[in-house]
Amino acid sequence: FGFFAVLAVIIFSGILPIGTGTSGMTGDVLVWGTIREDVIGPLLDDFSNKNKNIRITYVEKNPATFDKEFIEALASGRGPDLFFLPQDFILKYEDKILPIPYAMISERDFKNTYIEEGELYLAANGILGLPITVDPMVMYWNRDIFSSAAIAAPPSYWDEFLTEAPLLTKKDNAQNITRSAVALGEFRNISYAKDILATLLLQLGNKLVVRDSDGKPEAVFMEVINQEIRTAETVFRFFTQFSDPAKPAYSWNRSLPSSKQSFISERLAVYFGYASEILELRDKNPHLNFDAAGMPQPRENNTKLNFGRMEAMAVTRISKNPAVALAVASYMSDKDFALQLSGKLYLPPARRDLLSAKPQDPYLRIFYDSALTSRGWLDPTPEGTDKIFGEAVSGITGGKYKVSEAIGAASEELEKILSR
């Protein structure tokens, strides 16, 4: 560990130029991730070609089974040295990560290098991961549907949906929705419903989960602002009205196909998705006349904010060669590698210096701007919180709970998960 510490100081002070020379370092590094091997493999080969004494083996994993395989592998002592750590698994994997002490990379240097969402990786005992890419949530909108409704541009503010939803939504004689303005109000058939709700909460200043003075996570879901406004109630009340047939904004219900499929089929005017989906949307319907824009904002906010999915490189506690693993992680989070990888993925990098150079591609310009305003939260377990948010929404729309009751129950369940 002492060697690891000394080497880290050398690496991050710039004395040892990673990628151009790692004199005295030898060993194998096993890297796990969900990025396709044919995308990232050639970039890692470049490092190996420059550093013949270090061999990197990348193993592509299925996102659906990564969590189970990772836990089992670490339990048996045969897991990776280095892995891609998504922001929603920070808390779940925290005790399995070898943190980088702040004596090696200061908190100030970290904040100067990476976008604000990267600060989720800052723990009491060090840095849990070095950010590489961010996949920001954006608003995709159907240009033909908006034009037919005589609306020139997509909403910039959430409250605009209240007046535009009746203009964009169509119903048949039996009052069945045949075309929807926006997919809000339900959970199961809305892609990334939890992330949309998290966006609204974060925009109102509700961080859902924060670390206390000892670095332990605690729920702030029931946070009250201005001594009277409970942000969670405000968000869920706004969100669920779009599935209420008695409300003017009614434009979605649980009988409709998924929001992504509805958008691809040109039966949904606005789809909230991720930057990484743009190529899929193009491929599945080449005739779809759509564009991308930043996420809507609360009208009273002065600061733009949207949700983003981040990937960072983390060293596992079981690594047999942590010094070399850290050197590889440093290389992968460096400017050249991060820029090349983000280019291949058609995603923004997580580094501030790279985002300052705006690309010519019109979609990437939107993605880069959205990356700078991306935020996330310390999700204790994605599966568990999906259930919590889903039950809150269905409880409200099904008439089982009042909004305040649903929020109270959700907060209690979130606290239970954190206590475990």
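Between the side chain of Asp81 and the backbone N or O of Leu30, at least one donor-acceptor pair lies under 3.5 Å. Side chain of Asn49 to main chain of Asp45: a donor-acceptor pair is present (N/O by atom type, distance under 3.5 Å, no hydrogens or angles). The main-chain N or O of Ser243 is never found under 3.5 Å from a side-chain atom of Asn253 such that the two would form a donor-acceptor pair. Looking only at distances, a side-chain donor or acceptor of Glu160 sits under 3.5 Å from a matching main-chain atom of Tyr157. Although no hydrogens or angles enter the test, the distance criterion places a donor-acceptor pair under 3.5 Å between the side chain of Gln297 and the main chain of Leu305. When atom types are taken as modelled, the side chain of Glu311 and the backbone of Ile132 share no donor-acceptor pair closer than 3.5 angstrom. A donor-acceptor contact shorter than 3.5 Å is absent between the side chain of Ser319 and the backbone of Val315.
Under the 6.0 Å cut-off for aromatic ring centres, Phe389 and Phe187 do not qualify, their centroids lying 6.0 Å or more apart. Aromatic ring centres of Phe146 and Trp141 lie closer together than 6.0 Å. Here the two rings, on Tyr192 and Tyr274, have centers that are under 6.0 Å apart. Remark: aromatic rings of Trp252 and Phe272 are distant, center separation not under 6.0 Å. In this structure, Phe242 has its ring center closer than 6.0 angstrom to the ring center of Phe238.
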> Going through the checks in order, is the side-chain hydrogen bond (donor to acceptor under 3.5 Å, both in side chains) test met by Thr26 and Asn53?
Replying inline: CA-CA 5 Å; Thr26 61; Asn53 49 346; 5.9 Å; no
> So Ser370 and Asn306, side-chain hydrogen bond (donor to acceptor under 3.5 Å, both in side chains) or not? Walk me through it.
Replying inline: CA-CA 7 Å; Ser370 296; Asn306 54 272; 4.6 Å; no
> Between Gln203 and Trp158, is a side-chain hydrogen bond (donor to acceptor under 3.5 Å, both in side chains) present by the stated rule, with each step listed?
Replying inline: CA-CA 11 Å; Gln203 286 176 340; Trp158 288 107; 2.8 Å; yes
> Which is it for Ser265 and Gln261 under the side-chain hydrogen bond (donor to acceptor under 3.5 Å, both in side chains) test, yes or no, and what are the steps along the way?
Replying inline: CA-CA 6 Å; Ser265 303; Gln261 184 55 48; 2.8 Å; yes
>> Walk me through whether Glu116 and Arg375 qualify under salt bridge (charged side-chain N to carboxylate O under 4.0 Å, His left out).
In response: CA-CA 7 Å; Glu116 193 166 336; Arg375 302 290 189 277; 3.0 Å; yes
>> If you apply the rule salt bridge (charged side-chain N to carboxylate O under 4.0 Å, His left out), what do you find for Asp386 with Lys194, and how did you get there?
In response: CA-CA 6 Å; Asp386 274 351; Lys194 183 178 73 174; 3.2 Å; yes
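Ion pairing between a basic and an acidic side chain is recognised when a charged N comes within 4.0 Å of a carboxylate O; Lys216 and Asp214 show no such pairing. Using a 4.0 Å cut-off between charged nitrogen and carboxylate oxygen, Lys387 and Glu383 do not count as a salt-bridge pair. Glu277 has a carboxylate O that lies under 4.0 Å from a charged side-chain N of Lys260, or vice versa, which qualifies the two as a salt bridge. Salt bridge present: Glu186 and Arg254 bring a charged side-chain N and a carboxylate O closer than 4.0 Å. Salt-bridge check for Lys111 with Glu107: passed, with a basic side-chain N closer than 4.0 Å to an acidic carboxylate O. Electrostatic pairing of Asp369 and Lys358 counts as a salt bridge here, judged by a charged N lying under 4.0 Å from a carboxylate O.
If you check the side chains of Arg108 and Ser106, you find no donor sitting under 3.5 Å from an acceptor. Using modelled atom types and a 3.5 Å distance limit, the side chains of Ser258 and Asn189 yield no donor-acceptor pair.
Inter-residue side-chain proximity for Leu82 and Ile56 is flagged as unmet; no heavy-atom pair is nearer than 4.5 Å. Within the 4.5 Å cutoff, the side chain of Pro136 has no heavy atoms near those of the Thr373 side chain. Within the 4.5 Å cutoff, no side-chain heavy atoms of Phe290 are placed close to those of Glu266. At a threshold of 4.5 Å between non-hydrogen side-chain atoms, the residues Leu91 and Leu418 count as touching. At a threshold of 4.5 Å between non-hydrogen side-chain atoms, the residues Ile145 and Leu168 count as touching. Side-chain contact between Arg55 and Ser48: absent, with no pair of heavy atoms (C-beta onward) separated by less than 4.5 Å. Using a 4.5 Å heavy-atom cutoff, the side chains of Glu60 and Ile35 are not in contact. At least one side-chain heavy atom of Ile97 sits less than 4.5 Å from a side-chain heavy atom of Phe83.
Around CZ of Arg299, the count of heavy atoms belonging to other residues, nucleotides or ligands within 6.0 Å exceeds 12. Counting non-hydrogen atoms of other residues, nucleotides and ligands closer than 6.0 Å to CZ of Arg317 gives a total above 12. Atom NZ of Lys61 has more than 12 neighbouring heavy atoms from other residues, nucleotides or ligands inside a 6.0 Å radius. In Arg36, the CZ atom is not crowded: 12 or fewer heavy atoms of neighbouring residues, nucleotides or ligands sit closer than 6.0 Å.
Residues meeting the side chain to side chain donor-acceptor pair (under 3.5 Å) test with Thr65, sequence neighbours left out: Glu69.
Residues Arg179 and Leu167 approach most closely at NH2-O, 4.0 Å, considering heavy atoms. Contact between Leu364 and Leu347 at its shortest, heavy atoms only, is CD2-N, 4.5 Å. Taking every heavy atom of both residues into account, Tyr121 and Pro86 meet most closely at OH-C, 3.5 Å.
Ring orientation note: the planes of Phe47 and Tyr331 are tilted relative to one another, at an angle of 30° to 60°. Below 30°, between 30° and 60°, or above 60°: for Tyr93 and Phe89 the angle between ring planes is below 30°, a parallel geometry. In this pair, Trp32 and Phe66 present their aromatic rings perpendicular. The plane angle is above 60°, beyond the 30 to 60° band. Using the six-membered ring where Trp is involved, Tyr346 and Phe367 have ring planes that are perpendicular, over 60° apart on the 30 and 60° scheme.
Here the options are Leu288, Ile278, Asp291, the test is side-chain contact (heavy atoms from CB on, under 4.5 Å), and the partner is Tyr140; only Ile278 passes.
Once rounded to the nearest 0.5 Å, the distance linking CE of Met222 with OG1 of Thr231 reads 9.5 Å.
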